Every structure is written in C-alpha cells, then in structure tokens.
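Fair warning: this is a prediction, and the values are worked out from it, not measured in the lab.
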Amino acid sequence: MSECNPTFDPVTNPTHLEEDVAVRKGRIEYMDLDWIRMFFNFIDFMPPTASTFEFEEDGDAEGWQAWGPGTTPATASGGALRVDYIDTPTFDPYIISPAGMEIDTSVQRYLVLDVDLTAADDTPQNFEFFFHHAGGGFTGALRHAFPVTPNRGMQRIVVDLAEAIPTTWTGTVVRYRIDPGSNKAKLVGHSCAFDFIGVVRDPANPESEPLAYRWDSTDMESHYRSLQDWQEIGAEINVTMVEWGSNLAQLYGNRARTARYVGDLMKHLIVDKGFTCVKYWTASNEPNHLVVNGNLESFDAWTDYHARVKEHFDRHGLDVRIVGSDDAHGPVWFNKCVSDPAHSALVDVYSSHQYFWHDQQHVQGLYFDEFLSMIEAYPPAKPFVVAEFGFHDSRTGPAVGNPVQKEYPYAVWTTNAFIVGMNRGLAGGNIWTLFDSWYLEDPIAFKDFHGCWGYKNIPGRPDWEVYPVYHALAMF
C-alpha cells in the first residue's frame with residue numbers, strides 16, 4: 001500500500017493503482033484496480049438501417065412487413081422471410097422494408113434477391129421493386145419490374161438498377177419494397193420465401209456489404225478523447241454497452257446482427273484507432289432488468305448472444321475478456337450466470353453493482369461473501385469485481401448528483417469497504433464514478449454530470465474539485 005500524497009494532482013498526473021492482491025481460501029487473483037468502465041451506447045455508432053437482410057433469427061422479420069392485400073403476414077423462420085398467397089377481393093401483394101436506410105445509389109446499384117417462389121405452373125411472374133427517397137417515392141416513376149420464374153427452388157436474382165433505371169436511381173434511398181407478383185390465379189395457395197434481400201455494391205458477394213457505422217459521431221469523438229487520456233495513464237478499459245434510445249426488441253431480436261455491431265466496434269477501437277487499453281467487454285449495464293421488463297426472450301438467448309460476440313472477437317483476433325452478470329444487486333441473475341456451464345465458459349470476470357445506505361456498512365462483508373460463495377460453488381472460480389459501488393443517504397439516490405460523494409466520510413466508508421472486500425477475495429472495483437468523460441456537445445447535453453475530478457473547462461461546474469474519496473483510493 002503506497003503512501004498518500006496530499007499534493008497529488010490527478011489532472012496532470014493521475015494515479016495508477018497497481019495490481020492489488022486478493023487472497024481467498026488459498027486462491028490468489030490479480031486484477032489491476034486502475035480499471036475504468038466506459039459506457040458505449042449503441043446509437044452513438046450503430047449504422048442506419050441495413051440495406052441487406054438475411055433473416056437468420058426465427059421470429060425476427062428484421063422490420064419487413066407484408067402490407068399489400070393478398071398474402072399472410074411476413075414471418076421469418078428457417079433462415080428465410082416467407083409469405084403465403086391468399087384469396088382476397090383485391091390482390092396486390094407487397095412487402096415493405098424498414099425505414100431509415102441511407103443507400104448511396106452512386107455505389108449501391110445492385111438489387112439481389114435469393115427467392116423461392118412457388119406457383120400453379122412455371123409461368124414467369126412479374127416482380128416489382130419500388131423505392132423511396134427522403135422526399136417521397138413508391139410511385140410508378142420510382143420502380144422497376146423484372147420477371148421471376150417459379151418452382152425453381154431458391155434462386156438468385158440480380159438487377160443492375162443503375163443500368164435499368166439510370167434517370168431515377170439517384171440520390172439517397174431510405175426505404176424500398178418488393179411486389180412479388182400479381183397473378184392471383186397462379187399464386188393463391190402458393191408461397192414466396194426470401195433467403196436474402198439487399199441493395200449492394202458487389203453482387204458476387206452481397207453478404208459482405210459494409211455497414212455505414214457512425215464512427216465520426218459527436219459522442220464517438222468524445223469517447224476517443226477520453227480513451228486517449230486513459231491510455232496515457234495506463235488504465236485498462238471495460239467497454240460496457242448500453243441501449244439508451246434503442247429499440248430493444250430489434251436490438252436483441254437479431255442477435256447475429258447486434259453481435260456483429262459489437263465485434264466491429266471493438267475492432268475499430270483496438271485495431272483501427274489503436275486503443276490497446278481496451279481490454280474488457282460487458283454486454284449490458286444491469287441486464288437482469290432486460291429479463292424482468294420482457295426485453296430479453298430467455299437466459300439461453302443471452303448466452304447465445306455472448307457466444308456470437310466472442311466469435312467476432314476471435315475472427316478479428318482480439319484479446320478481449322468478457323465480464324459476466326453485471327447485475328444490479330441481482331443474486332438470482334448472478335447465480336444463473338455462474339452456474340450455467342455454457343454461459344460461464346464464455347465469461348472471464350464476474351461483476352455486480354451495489355450501493356449501500358451510509359449506515360449499512362456493517363453488512364458489506366455479507367454482500368461480498370454472498371457473491372463470492374456463488375462463484376466458488378461452480379469451479380473454476382473466476383475473479384469478482386464490483387463494477388459499480390457507492391453509498392448514499394437521504395439526500396440523493398446512488399448515481400447522478402450524489403452530494404455525499406464529495407464529503408470526507410464517504411472516503412472513509414469507501415476505504416473500509418475495499419479493505420473488507422479485498423480481505424474476502426474481491427479482485428477489484430469501480431467507484432461510481434471516479435472519472436469524467438469528454439463530451440463535445442453543448443454543456444446542457446453532457447451525459448456525465450458527476451465525477452471525481454473535472455477537466456475544468458465545463459461551464460457551470462465550478463465545484464468539480466478532487467473529492468476526498470479519490471485520495472483515499474490513491475492509498476492502495
């Protein structure tokens with residue numbers, strides 16, 4: 001334990017809390033306590049609605065809907081989007097994509113369909129492709145018709161739109177639709193299934209169509225500035241995903257797509273940007289709430305999502321350790337994470353969150369014992385960290401705007417908690433919150449209105465001095 005330096009300046013020379021040793025029942029675990037947990041929100045970098053669709057998840061139509069009369073609703077199963085033709089007074093079947101695309105027609109010129117069409121006979125059916133610009137569309141002027149021969153099984157159809165309709169295939173396309181035939185007599189009682197739908201650059205390899213990530217968004221630029229600071233002081237970063245503002249059903253309904261987002265994000269940070277300080281990844285902040293609120297179909301689906309993400313890490317050659325559980329004091333969820341063999345095999349470190357009332361310090365040891373005993377019950381035992389930790393009193397809740405964090409007793413409580421935790425086997429922890437983040441937006445839009453020190457350039461925050469708890473932790 002190093003000596004506390006009362007003249008220490010955390011802005012010009014931040015501390016590096018070197019590997020503290022945790023001993024529990026003869027087991028020694030090392031974890032660098034200079035371990036910073038950074039939130040990355042999907043909407044900060046996620047690309048606009050994809051222009052390609054593979055329908056890999058049963059039940060996830062990826063935003064496609066059957067709107068025109070003459071078909072059943074569009075459903076995804078067995079890797080394809082399917083509609084059945086039905087007898088209706090008006091027969092005008094079509095399926096429509098989700099909105100929000102940003103198709104650059106100057107480079108994305110090929111419509112590619114993998115389609116299995118059945119019909120009463122082999123008479124070619126007239127398919128139509130309609131598209132929509134920001135100013136309007138789905139009109140006779142913004143369309144192209146082409147034949148599809150039925151009863152040939154899954155076949156690939158490629159249309160060069162720039163060649164077929166050069167005067168209208170221009171600008172940015174935000175949505176499109178497919179009209180899969182209109183011959184009622186030939187189609188009713190039959191079906192149409194799409195294994196792939198896309199507008200792409202390379203028709204020979206349409207599945208590899210690049211995604212237009214927002215790597216240069218304001219929030220991502222903010223993250224880069226923070227990561228540069230933490231890399232310079234030798235910190236290790238735990239990238240923790242959050243879903244604020246996202247459609248959770250779409251995000252976790254298509255786990256294959258979202259896993260690709262995560263893999264590409266981590267590759268971008270570590271390989272493209274050179275932030276080798278990024279060492280850990282957490283799937284979601286307090287995911288036990290996802291299940292409680294019905295936004296996650298099952299625990300097995302959560303395990304499957306982790307496995308898909310790990311596949312992307314391996315494919316990109318990334319040495320990233322996965323943090324498991326990260327619950328909001330959810331012992332039931334935590335126990336499920338450590339006891340499920342498939343899930344546990346994917347996890348390198350377990351974490352949990354806990355905020356105590358200031359007069360509950362006597363139960364801290366019981367909390368550590370409860371969670372550590374669950375880990376030890378299902379070997380091999382892995383490190384346990386408290387990824388969010390703090391105290392609160394009657395003036396505030398545990399997160400934003402916590403005045404007790406600025407006071408001297410908070411430093412004493414925190415020091416005691418970490419001594420108690422390390423004596424029991426705690427491998428590390430994060431105080432909420434021992435750092436500030438750079439955000440380049442107008443100050444009123446800042447997402448981090450709390451912290452242990454400030455960069456001193458944020459208007460309206462003259463009280464962002466170094467808090468006593470910072471110096472308490474510098475002793476370790």
Side-chain angles (χ1 to χ4, degrees), residues 46-57 60-68 74 76 79-83 93-117 124-150 152-182 192-214 254 256-257 260-261 264:
M46 201 164 57
T49 302
S51 65
T52 62
F53 305 85
E54 299 184 59
F55 311 110
E56 294 182 346
E57 301 288 343
D60 182 13
E62 299 189 28
W64 281 85
Q65 300 179 64
W67 277 11
L81 182 76
R82 177 189 172 105
V83 294
Y94 64 87
I95 57 173
I96 188 167
S97 77
M101 298 178 180
E102 294 180 6
I103 297 174
D104 181 353
T105 58
S106 67
V107 292
Q108 293 170 280
R109 58 184 288 174
Y110 297 99
L111 170 66
V112 177
L113 304 177
D114 288 345
V115 58
D116 181 5
L117 174 68
Q125 297 299 309
N126 187 55
F127 274 44
E128 292 178 287
F129 172 78
F130 288 82
F131 56 98
H132 203 293
H133 293 121
F138 295 163
T139 65
L142 300 178
R143 63 176 284 279
H144 177 64
F146 54 95
V148 174
T149 303
R152 290 190 174 181
M154 194 63 69
Q155 58 181 308
R156 173 155 290 181
I157 305 295
V158 178
V159 179
D160 186 342
L161 297 167
E163 180 179 277
I165 46 175
T167 60
T168 55
W169 189 248
T170 59
T172 300
V173 169
V174 298
R175 198 175 199 181
Y176 59 87
R177 86 183 208 203
I178 307 292
D179 292 29
S182 57
C192 185
F194 296 91
D195 186 70
F196 181 90
I197 302 175
V199 177
V200 303
R201 294 165 173 80
D202 179 9
N205 193 21
E207 293 86 356
S208 66
E209 182 68 16
L211 298 174
Y213 289 103
R214 295 184 169 94
N254 191 320
R257 179 181 56 203
R260 178 185 175 184
Y261 293 162
D264 289 351

K.L.:
Go through it in stages, so that I can follow the logic: the residues are Gln155 and Val115, the test is side chain to side chain contact (heavy atoms under 4.5 Å, CB included), and I'd like the CA-CA distance, side-chain angles, deciding distance and then a yes or no.
P.N.:
CA-CA 5 Å; Gln155 58 181 308; Val115 58; 4.2 Å; yes

K.L.:
Check Ala76 against Phe55 and note the closest heavy-atom contact, atom names and distance.
P.N.:
CB-CB, 4.5 Å

K.L.:
Given 3.5 Å as the limit, does a donor-acceptor pair link the side chain of Thr105 with the main chain of Gly171, or not?
P.N.:
yes

K.L.:
Say you draw a straight line from CD of Glu62 to CG of Asn254; how long is it, rounded to the nearest 0.5 Å?
P.N.:
4.5 Å

K.L.:
Phe196 and Glu54: which non-hydrogen atoms are nearest, and at how many Å?
P.N.:
CD1-CG, 3.6 Å

K.L.:
What's the verdict on side chain to side chain contact (heavy atoms under 4.5 Å, CB included) for Arg260 and Leu211, showing C-alpha distance, side-chain angles and the deciding distance?
P.N.:
CA-CA 10 Å; Arg260 178 185 175 184; Leu211 298 174; 3.6 Å; yes

K.L.:
Kindly state whether the ring of His133 and the ring of Phe131 have centres lying under 6.0 angstrom apart.
P.N.:
yes

K.L.:
Give me the atom names and distance for the closest heavy-atom approach of Arg257 to Asp60.
P.N.:
NH2-OD2, 4.3 Å

K.L.:
Where the side chain of Thr168 meets the backbone of Leu142, is there a donor-acceptor pair that is under 3.5 Å apart?
P.N.:
no

K.L.:
Roughly how far, to the nearest 0.5 Å, is the CE atom of Met101 from the OG1 atom of Thr52?
P.N.:
8.5 Å

K.L.:
Set out, in order, the CA-CA distance, both residues' side-chain angles and the distance that settles side chain to side chain contact (heavy atoms under 4.5 Å, CB included) for Val173 and Val199, then state yes or no.
P.N.:
CA-CA 10 Å; Val173 169; Val199 177; over 6 Å; no

K.L.:
Find out whether His132 and Arg177 are in side-chain contact, i.e. whether some heavy atom of one side chain is under 4.5 Å from a heavy atom of the other.
P.N.:
no

K.L.:
Where is the tightest heavy-atom contact between Pro203 and Val158, given as atom of each residue plus distance?
P.N.:
CB-CG1, 3.8 Å

K.L.:
Starting from the C-alpha separation in whole Å, work towards a yes-or-no answer on salt bridge (Lys or Arg N to Asp or Glu O under 4.0 Å) for Arg156 and Glu207.
P.N.:
CA-CA 13 Å; Arg156 173 155 290 181; Glu207 293 86 356; 3.1 Å; yes

K.L.:
Any side-chain heavy atom of Glu128 within less than 4.5 Å of one from Tyr94?
P.N.:
no

K.L.:
In terms of relative ring orientation, are Tyr261 and Tyr213 parallel, tilted or perpendicular, with 30° and 60° separating the classes?
P.N.:
perpendicular

K.L.:
Please give me the minimum heavy-atom distance between Phe127 and Cys192, naming the atom from each residue.
P.N.:
CZ-SG, 4.1 Å

K.L.:
How far does CD1 of Ile178 sit from CG of Leu111, to the nearest 0.5 angstrom?
P.N.:
5.0 Å

K.L.:
Just wondering, do Pro210 and Arg201 contact through their side chains at under 4.5 Å, heavy atoms?
P.N.:
yes

K.L.:
Are Glu209 and Ser51 close enough that a side-chain donor and a side-chain acceptor fall under 3.5 Å?
P.N.:
no

K.L.:
Measuring from atom CD1 of Ile157 to atom CG of Leu117, what distance do you get when rounded to the nearest 0.5 angstrom?
P.N.:
9.5 Å

K.L.:
If you compare all heavy atoms of Ala256 against all heavy atoms of Glu57, which two are closest, and at what distance to 0.1 Å?
P.N.:
N-OE2, 3.5 Å

K.L.:
Calculate, to the nearest 0.5 Å, the distance between atoms OH and CD belonging to Tyr110 and Glu163 respectively.
P.N.:
8.0 Å

K.L.:
Determine whether Val148 and Leu113 satisfy the following criterion, side chain to side chain contact (heavy atoms under 4.5 Å, CB included), listing intermediate values before the conclusion.
P.N.:
CA-CA 10 Å; Val148 174; Leu113 304 177; 5.7 Å; no

K.L.:
So, does Arg109 use its side chain to make a donor-acceptor pair with the main chain of Asp160 at under 3.5 Å?
P.N.:
no

K.L.:
Looking at CZ of Arg214 and CD of Glu102, how far apart are the two atoms once the value is rounded to the nearest 0.5 Å?
P.N.:
5.0 Å

K.L.:
Can we call the ring centroids of Tyr176 and Phe129 under 6.0 Å apart?
P.N.:
yes

